[in-house]
Amino acid sequence: MNLDYINRGVNDMEKTRVRFAPSPTGELHIGGARTALFNWLFARHNGGKMILRIDDTDRQRSSQEYLLSIIESMKWLGLNWDEGPEVGGDYGPYIQSEYLHKYRELAEQLVRDGKAYYCFCTAEQLATEKERQRKEGQPPRYSGRCRFLSEEERERRKLSESYVIRFIMPKEGETVVEDIIRGQVTFENNIFDDFIIIKSDGVPTYNFASVIDDHNMAITHVIRAEEHLSNTPRQINIAQGLGYQVPLYAHVPMILAPDHSKLSKRHGATSVQEYRDMGILPEALVNYLALLGWSPGEDKEIMDIHEIVDLFSLEKVSKNPAIYDIKKLIWLNGHYLRTLELNKIVERALPFMKRKYNLCAEIGTEKYKEIEKIIDLVRDRVKTLQEIADASSYFIEDDLQYDEKGIEKHFRKDGVGKILSEVSLALQRVEPFEAGRIRDELHDLSQKLNVSLSRINPPTRLALTGRTMGPELFDIISLLGKERVIKRLKKAKELFELN
RNA sequence: GGCCCCUUCGUCUAAUCGGUGAGGACACCAGCCUUUCAAGCUGGCAACAGGGGUUCAAAUCCCCUAGGGGUCACCA
């Protein structure tokens, strides 16, 4: 039998190698993304390797679409991998389903070594057995019935019946998990039953495939969610049964929904894609995720990815589950929206602008420059890329939606029409049409008319944008351009019969 | 139910070997700034789950209780 893949990579055993091993049965969700991030941070901090492996042994639920979507999310977050799909590597295959016979051979080796056995029990038999145990107040565990079948019976039934392969767990002693975050966690072996390592369709279960691949890929640290802690003793016993060195573990706390339950669809956006689509920046999401269950130990919250890599350590990961609070993410997003380089924001906001305003795919230099100015103006007061697009409407479209309350407040006053006419007249004169000069002109106008700016600006803003709030009015006027400004002032007067 | 993990403001968290007015951030509230709204700045509200020990001294160490989560699948 060809088993040389077992021994590959021994030479770099001392090097840090971690893996993120998603199952392509859904999009990359927040919890998975954080696990991926912690793996990535650990690898980068230690100058080790980050491996992406696809655990697709659930043949029914796995799909190519999800695989692609997960890969896209990882890239979007900036979590690159040194080995895995698309980039290859010397420890492949990185997609479990591509090498199923490997697991089978190993399982059969365990059977020959007397460490595993064929089990012919049907689903019905197991169900009734469990039911009985439940009634008797016993923990539901497989009885081990098929373990001692005679070789003759076993071989005979293999021909006609479907079967699984079960691993023989020790029934005495204890198994200790060495966990970097939690210390030593001890399990009594008598609580385990002989669990399935090869399903009846010949595909390995997670507990089996994962151990083999971790070993073959020379993984040094298994960093994953806490839900896997209880399964770790099984995996350790498999590893020992196969003669593998057991890796170090780090079980990171779960991320919970605000109601303390497991994060699910009904709690709103849970996948990385959804956050991207609502206009969250990867910088913000990465920063936020890093803070969920980890802190650098000083009063530092806003960190770019390089700082986080620098400061990250598993020892500082907290033990308790974190509740996901979108408000803080939104706040961080707002921060990055107004502090990141403008061109970066424009690049990210452009798809949202295009979608909202049906702009053509190719945008000319001039148009680009204009959009850049718009974004620079509105980005200070919004929190997502989508809101950038929403806040830009009156620069892009001439049809305005006038705010109802604003109309009551600013238009239904005597003399508004006259003020707007004066504003129009005053602005005609301004040349060049830039914010500073516009401000001076309107200040002069307020002197001349002997009314405060708070009588002039609000109706002007409403007439030009349809809104009562937004960026600095003088910037808006300048960017809108003289022609459009005068047109809109006129239109508002006519539309609302202002005088 | 068995087993495992966890428990500091509403939320994320900090607090070197036990000695702190228990710190920061989000959210919330108020003030300042201001042509609006944000942003920014200043201030405020707000926590050691409960009970026993150990100790001169406990958020920190030990035990118990309670609560939350995970796991016990031919899902990962």
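These numbers were taken from a predicted model, which means no experiment stands behind them. Chain letters run A, B, ... following the sequence lines, proteins first, then strands; residues in each count from 1.
Summarising the base pairing, B:A15 is matched to no nucleotide, lacking a Watson-Crick or G-U wobble pair whose two defining distances lie under 3.5 Å. Across all strands shown, B:A38 forms no Watson-Crick or G-U wobble pair with both distances under 3.5 Å. Of the nucleotides present, none pairs with B:C74 by Watson-Crick or G-U wobble criteria with both distances under 3.5 Å. With a cut-off of 3.5 Å on both Watson-Crick or G-U wobble distances, the partner of B:C28 is given as B:G44. Across all strands shown, the partner of B:G67 is B:C6, judged by Watson-Crick or G-U wobble contacts whose two distances both fall under 3.5 Å. Pairing for B:U54 is absent, judged as Watson-Crick or G-U wobble with the two contacts each under 3.5 Å.
Within the 4.0 angstrom heavy-atom criterion, no nucleotide atom of any strand lies near A:Ser210. As judged by a 4.0 angstrom heavy-atom cut-off over every strand, A:Asp55 is placed among residues touching the sugar-phosphate backbone only. Note on A:Cys119: nothing from the nucleic acid sits closer than 4.0 angstrom, heavy atoms only. Within 4.0 Å (heavy atoms only), A:Lys262 reaches sugar-phosphate atoms of the nucleic acid but no base atom. Nucleic acid contact for A:His251: none, since no nucleic acid atom lies under 4.0 Å from a heavy atom of the residue. Counting any heavy atom pair closer than 4.0 Å across all strands shown, A:Arg234 reaches sugar-phosphate atoms only and no base atom. Across all strands, A:Lys409 comes closer than 4.0 Å to no nucleic acid atom at all (heavy-atom distances). Residue A:Arg182 is in sugar-phosphate contact alone, with no base atom involved, counting any heavy-atom pair closer than 4.0 Å across all strands shown. Nucleic acid contact class of A:Val185 (heavy atoms, under 4.0 Å, all strands): sugar-phosphate only.
If you take CZ of A:Arg166 and C1' of B:C72, they are 13 Å apart, rounded to a whole angstrom. In this structure, A:His228 atom NE2 and B:C72 atom C1' are separated by 15 Å, rounded to whole Å.
Side-chain atoms of A:Glu226 lie closest to B:G69 of the nucleotides B:A25, B:G69, B:C74. Each of B:G24, B:C75, B:G69 was ranked by its minimum atom distance to the side chain of A:Leu256; first place goes to B:G69.
Taking the C1' atom of each, B:C33 and B:U42 are spaced 11 Å apart, rounded to whole Å. B:C9 and B:C48: their P atoms are spaced 7 Å apart (whole Å). Taking atom C1' in both B:C75 and B:A39, one finds a spacing of 47 Å when rounded to whole Å. Separation of the P atoms belonging to B:G23 and B:C45 is 11 Å when rounded to the nearest angstrom. Look at the C1' atom in both B:G40 and B:A47: the space between them is 28 Å, to the nearest Å. Look at the P atom in both B:G69 and B:C32: the space between them is 45 Å, to the nearest Å. Between B:C72 and B:C64, the two P atoms lie 26 Å apart (nearest whole Å). Taking atom C1' on both nucleotides, B:U54 is separated from B:C63 by 11 Å, rounded to a whole Å.
Distances shorter than 4.0 Å separate none of the side-chain N or O atoms of A:Thr468 from OP1 or OP2 on B:U36. Side-chain N/O atoms of A:Ser295 include none lying less than 4.0 angstrom from OP1 or OP2 on B:C12.
Within residues 317-328 of chain A, the residues approached by RNA chain B to less than 4.0 Å at the level of any non-hydrogen atom are A:Ser318, A:Lys319, A:Asn320, A:Pro321, A:Ala322, A:Ile323, A:Asp325, A:Lys327, A:Lys328, in residue-number order. Residues of residues 19-37 of chain A that place a heavy atom closer than 4.0 Å to RNA chain B, in numerical order, are A:Ser23.
Shortest non-hydrogen contact noted between A:Asp201 and A:Val203 is OD1-N, 3.0 Å.
Between the side chain of A:Arg381 and the base of B:C37, at least one donor-acceptor pair of N or O atoms lies under 3.5 Å.
By the 6.0 Å and 45° rule, A:Arg166 stacks over the aromatic ring of A:Tyr142.
The line from CD1 of A:Ile255 to CZ of A:Arg34 is 4.0 Å long, rounded to the nearest 0.5 Å.
Aromatic ring centres of A:His101 and A:Tyr99 lie closer together than 6.0 Å.
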Short N/O separations, protein against nucleotides 15-18 of chain B, under 3.5 angstrom:
none

